[in-house]
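It should be emphasised that the depicted structure is a prediction, and the values quoted were computed from it without experimental measurement. The residues of the chain are indexed from 1 along the displayed sequence.
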Amino acid sequence: MKIIPTYFPEEGPSSERKVFKLLSELEMLGEWVAFHSQNISEYHREKQWCELDFIIIGPKGVLALEVKGGRVACKDGIWSGKDRHGREHLKKESPFDQANKGRFALEAAIKENIDWQDVRGTLFGWGVIFPDVNFDVRTCEASPELIAGRDIISNKKRFGNYIKDLYDFWQNQVQFTVRETTANQINKISGFLRPNLDLAPRMSSLALEAEKDFVRLTEDQYLFLDCTEDSERILCRGGAGTGKTFVAAECARREASSGHSILFVVESPLFAQYLRTQIQHPLIHIYDFATLALAEIKEIFELLIIDEGQDLMNCVALDLFDSLLEGGLESGRWRWFMDPNNQAGILGRFDQEAYEILALYTHTPLLLKRNVRNTKPIATQTQLITGADIGVAENIGGGSAPQICMVNSREDEAAKLQLALQTLLNKETVLPKDIAILSFQPYEKSCIQLLSSKLSQHIVHLTSDSFNAVIDQQKVLFSSIHNFKGLEKKFIFIVDLDNADPLGKDIAKLYVALTRANFGLWLALPNSKKVSFEEVKLRNTTNLLASLS
């Protein structure tokens, strides 16, 4: 049976882990899908927070399953249980009442959001599972058919029979004619539930205290992760901000949870260090290409994941990957993420011949189209300045319009940068750790050398050597554009364009810098480049409008 999400969270309760494993191994005729840990609070009449442990959807209908692990007891109408840590929990509501109310909340949620014709005649029911005890007590709250104890879930066949008997029990209880739930109806119900359920850990914005909250996957990202179940080789393209790294990381986690050994490769050493703070699993081996090329690795990996693949698209890299992957690139399992825009060539080199070789191997082509990093104003400004396609920015709201600040000299640029930083830090109360300054010049030659000492003490220089030392500091980061590739911050300041050619040979760098910003963007533009900037923006505006017509 397909189960969403496809892997069980490490911190999840062992009782639910047992049921998760059984459901994932269960073989049922027809199309079936199970959901783990579904929030339906909005539709519950009594609770501000209501989460169903498992939902099963199949041709026979919809079931809500409540799982109660550990010791279970009831005295004077008060239910108690001990979790795996020995903590006791007291509740007036029985697990049967909890499952029953959750089932009605689930039905209300589905019927309110799915066309009536698509759920008419659908059977809804519930059951309660006690993975650690045998519930032999007779109770008026629940028939024996609704309950599965330790003996039942210790055997896959018995558990399968329990699920079948549960559907039969509820079918005998209803007064209407039950209609078989078709594959199309199952997909519609799943489509409604999945955006609220299939969550993945957020990639933090360069902080060791990585955010513990989760983000909803977009439909593009769902498509990719669904394809990983059936496709051996996937070539995924998408502009900066479309979530390639996020999806690559989630793909690695899910594959590792299934016991597969993974080689995860990027070009930048600093980016590789960052990823190691975000993806920690003994089966996931993260390398930058230079280190990988020098390492004496004797292990052959079951899966290869390449991020920022446009910078590793050359025959030397392909030969190395081929030697380290079980089955090689032609027959092995790989997921190659690349940006077809101006990032090609920032680090490494893009070889058209290598791309044609890789494309010859039987693979599934996918495109990520939705920008999940930048606000609409930032995405639009990037498209107007660079002409690049970075996807449709529609899921991030807020943020101010990007500021292009005209400067006359290095001293003028430093003064205006200082004012903008102080405004953000003092008046807007933005945290220093949410800001990065990206420069076209080395640290020693940057205009930040002219900032006041009071402000300079809140800035740290990010390099490959200093990464571990500065990553956990609550300060503004200064970085070259090269080193910041693959990373992001809420607010980005771009400086030192005076000796650069941002609309010519350096446009790829500008593309990377512009797309690092989540919510705020500030660009210092020398007056000498104003005319060429306006000409480029006018040309790209014309092209953009033509593509939309």
Side-chain angles (χ1 to χ4, degrees), residues 1-6 23 26 28-66 98-127 163-164 166-200 214-227 229-230 366-370 372 392 394-395 397:
M1 183 182 296
K2 180 180 180 180
I3 188 164
I4 298 173
T6 56
L23 286 172
L26 208 57
M28 307 280 280
L29 293 177
E31 183 167 335
W32 292 80
V33 60
F35 293 85
H36 175 229
S37 190
Q38 172 69 53
N39 175 30
I40 52 170
S41 303
E42 183 180 348
Y43 302 93
H44 200 287
R45 295 179 179 178
E46 300 176 10
K47 293 183 176 181
Q48 291 185 334
W49 178 262
C50 177
E51 187 175 87
L52 296 178
D53 294 329
F54 291 94
I55 298 170
I56 298 176
I57 308 173
K60 292 188 174 184
V62 181
L63 290 179
L65 298 180
E66 179 71 21
Q98 189 174 347
N100 181 43
K101 292 178 180 178
R103 161 252 189 268
F104 279 106
L106 173 63
E107 182 176 357
I110 291 174
K111 288 186 174 180
E112 185 174 318
N113 290 275
I114 305 295
D115 188 279
W116 179 78
Q117 291 293 337
D118 288 319
V119 292
R120 183 168 61 90
T122 299
L123 178 69
F124 287 86
W126 57 267
I163 297 297
K164 293 175 184 176
L166 203 53
Y167 275 109
D168 291 342
F169 173 85
W170 286 112
Q171 185 163 349
N172 292 330
Q173 303 301 308
V174 299
Q175 303 299 315
F176 59 86
T177 301
V178 175
R179 293 170 52 190
E180 180 176 303
T181 310
T182 66
N184 184 53
Q185 291 169 328
I186 292 171
N187 289 334
K188 286 187 177 181
I189 296 173
S190 298
F192 161 64
L193 293 175
R194 185 167 67 169
N196 297 313
L197 171 77
D198 200 357
L199 308 181
F214 291 74
V215 292
R216 290 181 175 84
L217 304 175
T218 69
E219 286 304 315
D220 291 345
Q221 294 163 349
Y222 281 133
L223 175 62
F224 180 90
L225 292 172
D226 284 348
C227 283
E229 299 179 12
D230 304 313
L366 290 176
L367 177 65
L368 295 178
K369 304 181 292 295
R370 296 187 182 182
V372 295
V392 180
E394 58 184 37
N395 70 317

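Between T122 and V178, every side-chain heavy-atom pair lies at or beyond the 4.5 Å cut-off. Looking at heavy atoms from C-beta onward, V62 lies out of side-chain contact with I56 at the 4.5 angstrom threshold. In this structure, N187 and E31 have side chains that are in contact, with non-hydrogen atoms separated by less than 4.5 Å. At least one side-chain heavy atom of W170 sits under 4.5 Å from a side-chain heavy atom of W126. By the 4.5 Å heavy-atom criterion applied to side chains, I4 and L193 are not counted as neighbours.
Closest approach of L52 and A64 over heavy atoms only: CD1-CB, 4.1 Å. Between K188 and I114 the shortest heavy-atom distance is O-CD1, 3.5 Å. The two atoms that bring L23 and A34 nearest to each other are CD1-CB, 4.2 Å, heavy atoms only. The shortest non-hydrogen separation linking I189 to I57 is CG2-CD1, 3.5 Å. Across I186 and P59, no two heavy atoms sit closer than the pair CD1-N, 3.9 Å. Of all heavy-atom pairs between G127 and A99, the closest is O-CB, 4.1 Å.
Using bins of under 30°, 30° to 60° and over 60° for the plane-to-plane angle, the ring pair Y167/W32 lands in the perpendicular bin.
The structure places CD of Q171 at 6.5 Å from CG of L123, a figure rounded to the nearest 0.5 Å.
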Task: Stepwise side chain to side chain contact (heavy atoms under 4.5 Å, CB included) check, S37 with F54 - done: CA-CA 6 Å; S37 190; F54 291 94; over 6 Å; no
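In terms of the ring pair (Phe, Tyr, Trp, His ring centres under 6.0 Å) criterion, F124 has no residue partners (sequence neighbours excluded). By the side-chain hydrogen bond (donor to acceptor under 3.5 Å, both in side chains) test, Q185 pairs with T182, sequence neighbours left out. Partners of D168 according to the side chain to side chain contact (heavy atoms under 4.5 Å, CB included) rule, which considers only residues two or more places apart in sequence or in another chain, are K60, D165.
Among the candidates I110, L106, L63, the single residue satisfying the side chain to side chain contact (heavy atoms under 4.5 Å, CB included) test with I55 is L106.
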